Amino acid sequence: MHGINREVAAQLRLMGDLLEILGEESFKIRAYYRAADSVDRLEKPVPEMDEAELRTLPGIGVNIAGKIVEYTRTGVIHELEEIASSVPATLVELLDLEGVGPKTVHTLWKRMHIDSVEALESAAKNRRLRSLRGFGAKKEEAILRAIGRRRRDTGRMTRLEAEAVIARLAPFFSETSFTIAGSYRRGASTIGDIDIVTTEPVERVTPKIRSVADEVLDEGDRRISLRTGGRRVDIRFTGQGNAGTMLLYLTGSQQFNIRMREIALERGLKLNEYGVTERENGTIHSFPDEASVFSFLGMAFIPPELREDHGEIKLALSHALPTLLTAADVKGDLHVHSSWSDGSMSIEQIARLGEEIGYEYIACTDHSASLGVAHGVDREDLRRQQQEIERINRKTECAVLAGVEVDILGDGNLALPDAVLGDCELVIASVHSGFNQSEDVITRRLLSAIHNDHVDIIGHPTGRLLGKRMPYAVDVERIIDAAADTGTALEINASPYRLDLDDIYVRRAHKHGAILAIGTDAHHREDAAVMRHGIAIARRGWCAKSDVLNTRPLKDLREWTG
DNA sequence: GCCGTTTTCGGCCCGACTGTTTTCAGTCG
Ligand SMILES: Nc1nc2c(ncn2[C@H]2C[C@H](O)[C@@H](COP(=O)(O)OP(=O)(O)OP(=O)(O)O)O2)c(=O)[nH]1
Ligand SMILES: [Mg+2]
Ligand SMILES: [Mg+2]
Ligand SMILES: [Zn+2]
């Protein structure tokens, strides 16, 4: 997300944290957190918006809009500075500890002058906390464990890591008895924990699960939470009869659940994970699947990828949701590397792989040779590779497209001359260097690539590496508009380490007339399967089939590339 | 603090689990 928006969201969150510690009313706190979320998912930088426009955003009213404007003008929010000055700076860090919330922090601070994690740790070790009302030996231990966990905290998972955790747990369930829910099911690009709904009886699963648990966090009749391999897993147990509302609940998102429950409320109904209750007479309705819940509420089925309370609920109520693209719509992969650069597949292996998957085409897009790129292809390599591709294409069902992933150099020029690019069937242009340049410089580099007639796709447009490297500074809005103007596609790089563009920008891109291209960036045979992650992101970005280039049959794709 | 074809004031999702409690507050999903 845009740097300045991240800053503003953090300020609003800090405001919420501080007010909460100070004991402010909970709905006011929620308002600040909601507003922060709203800014977080905004594709447009807030300094470009005036107060009136800010107020059109959900959860942002006259008060918070004013604070945002104040921050973008002066770099501070007065009220926040004032509140912050009355509270030790390190106090909010206590909230990061699992099991430590605003009330606890308030008590620790006011009654024991504890204002940092270090101070808390020493107080807990010395058994001083138990003298406080509401604190005992177990709480001291829990706090010490939470401090230990925080030290080992490894952040959010990639979808790949999430799948590794799921694979470890799957053998403990019978095939049809469990569903992965939470952010994984919603197709999110990073995953906080693994959430599972199961119809298995508690007593059958728990012993097996315990055997792989580093630690059981809590355990009851209806839920167990544990850590395995350093990762949190939440399991909810349910009967078949109300598996629908349980899955709906655990899939979320939180904001989606709240909005759905509000809608039920407006109709005199109470929605929870066990069913729908008529408030008037207590009649309970149970649902074995999600579809019947939506139908009961008079709504179209909302695909998990859309469940964020970003407008989908309203559209579902009027049965006006878009039809999202599906895996079956995808006709090929537009970004694959071969052994001619840093991949491991031969051209023939790529073609055979495409046949196995059932693709009509795969674009072979090796890295161009330039300074710092290992094993890049040059003009001569490409000429020979194109001959090889022609030879292979004569005997295989899946067409290999002779493409290239050309570097956008530091000065905005491409690493290969136009004449060479002109001989390629598909040109991806990507930034692989100069990540620390200013927003202006990087944006201009990308714009000049977009305006090159030979460039078909901008690869991984923001350059992020999940958990490793933030996106480079780039004006994505301008990139999207230029892509729309020139008919250049923007990539959804499906690598689970990238997922770039991400959902928010994908949605903006096709709304503004740009087309998306999903590519796996596969370097090895097994990487081709990451297409599913790219599809999830496209769906989260509200893409219909027509918004995505590689849903087109080969003939149409060839026409498009010209 | 935000919001509105039931409201411009008075609501704002609902429940599981833990610890410390003699009946529930706090935190989290
Ligand atoms: N009704 C309701 N449901 C919630 C609330 N918090 C969480 N949930 C539901 C929806 C979430 O998707 C689901 C799982 O919670 P998680 O904390 O694991 O969040 P989620 O998986 O969405 O994101 P994550 O990637 O794990 O951070 O539980 C809440 O406050 N109210
Ligand atoms: Mg989760
Ligand atoms: Mg969870
Ligand atoms: Zn690349």
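In what follows, chains carry the letters A, B, and so on, assigned in the order in which the sequence lines appear, proteins first and then strands, with residues in each chain numbered from 1. A quick note: this is a predicted structure, and the numbers were derived from the prediction, not measured.
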Item to check | Distance-only donor-acceptor check, side chains A:Ser225 and A:Asp234, under 3.5 Å | outcome: yes
Checklist entry - Can you find a heavy atom in the side chain of A:Thr251 that is under 4.5 Å from one in the side chain of A:Glu290? => result yes
Checklist entry - B:dG1 and B:dT7: how far apart are their P atoms, nearest whole angstrom? => result 24 Å
Item to check | Separation of the C1' atoms in B:dC12 and B:dG19, to the nearest angstrom | outcome: 29 Å
Checklist entry - Taking atom P in both B:dT27 and B:dT21, what distance in whole Å separates the two? => result 16 Å
Checklist entry - For B:dT8, which nucleotide is its Watson-Crick or G-U wobble mate, given both distances must be under 3.5 Å? => result none
Checklist entry - If you find the nucleotide of DNA chain B closest to A:Glu273 and the one closest to A:Arg232, which residue's nucleotide is nearer the 5' end? => result A:Glu273
Checklist entry - How far, in whole Å, is B:dC28 from B:dC13 if one measures between their C1' atoms? => result 14 Å
Checklist entry - Along DNA chain B, 5' to 3', what are the outermost nucleotides having an atom less than 4.0 Å from a heavy atom of chain A? => result B:dG1 to B:dG29
Next on the checklist: Using a 4.0 Å heavy-atom cut-off, does A:Glu219 contact any base of the nucleic acid, only the sugar-phosphate backbone, or nothing at all?
Outcome noted: sugar-phosphate
Next on the checklist: Checking A:Arg307 against A:Ser253: is there a side-chain donor and acceptor pair closer than 3.5 Å?
Outcome noted: no
Checklist entry - For the residue pair A:Phe296 and A:His285, does the interplanar ring angle fall in the parallel (under 30°), tilted (30 to 60°) or perpendicular (over 60°) class? => result tilted
Checklist entry - What distance, rounded to whole Å, do you find between the two P atoms, one in B:dC14 and one in B:dT20? => result 30 Å
Checklist entry - Run the side chain to side chain donor-acceptor pair (under 3.5 Å) check on A:Ser189 and A:Asp502 step by step: do they pass? => result CA-CA 7 Å; A:Ser189 48; A:Asp502 204 352; 3.1 Å; yes
Checklist entry - Counting any heavy atom closer than 4.0 Å, what does A:Leu57 reach on the DNA or RNA strands: base, sugar-phosphate only, or nothing? => result sugar-phosphate
Checklist outcome for this item: Nearest-nucleotide check on DNA chain B, A:Arg34 vs A:Gly136; residue mapping nearer the 5' end is A:Arg34
Next on the checklist: Base, sugar-phosphate or nothing for A:Asn257? Non-hydrogen atoms, less than 4.0 Å.
Outcome noted: nothing
Next on the checklist: Does either side chain, that of A:Thr245 or that of A:Glu273, offer a donor lying less than 3.5 Å from an acceptor on the other one?
Outcome noted: no
Next on the checklist: Does the structure place the NZ or CZ of A:Arg159 under 6.0 Å from the centre of the six-membered ring of A:Tyr184, at an angle of no more than 45° from the ring's axis?
Outcome noted: yes
Next on the checklist: Taking the side chain as everything from C-beta on, heavy atoms only, tell me whether A:Arg236 gets closer than 4.5 Å to A:Tyr249.
Outcome noted: yes
Checklist entry - Contact class for A:Ile29 (heavy atom, under 4.0 Å): base, sugar-phosphate, or nothing? => result nothing
Checklist entry - For atom P, what is the distance between B:dG29 and B:dT23, given to the nearest Å? => result 29 Å
Next on the checklist: By the 4.0 Å heavy-atom rule, please label A:Ile64 as base, sugar-phosphate, or nothing.
Outcome noted: sugar-phosphate
Next on the checklist: Mind checking if A:Arg236 touches a base, just sugar-phosphate, or nothing, with heavy atoms under 4.0 Å?
Outcome noted: sugar-phosphate
Checklist entry - What does A:Ala137 touch in the nucleic acid at a heavy-atom separation under 4.0 angstrom: a base, only the sugar-phosphate, or nothing? => result sugar-phosphate
Checklist entry - Contact class for A:Tyr249 vs. all strands (heavy atom < 4.0 Å): base, sugar-phosphate, or nothing? => result base
Checklist entry - Base, sugar-phosphate, or nothing for A:Arg279, non-hydrogen atoms under 4.0 angstrom? => result sugar-phosphate
Next on the checklist: Base, sugar-phosphate or nothing for A:Ile60? Non-hydrogen atoms, less than 4.0 Å.
Outcome noted: sugar-phosphate
Checklist entry - Tell me, which of residues 73-106 of chain A have any heavy atom that sits under 4.0 Å from an atom in DNA chain B? => result A:Leu97, A:Glu98, A:Gly99, A:Val100, A:Gly101, A:Pro102, A:Lys103, A:Thr104
Checklist entry - If you measure only the distance, is there a donor-acceptor pair under 3.5 Å linking the side chains of A:Glu20 and A:Tyr33? => result yes
Item to check | A:Arg498: side-chain hydrogen bond (donor to acceptor under 3.5 Å, both in side chains) partners, not counting sequence neighbours | outcome: none
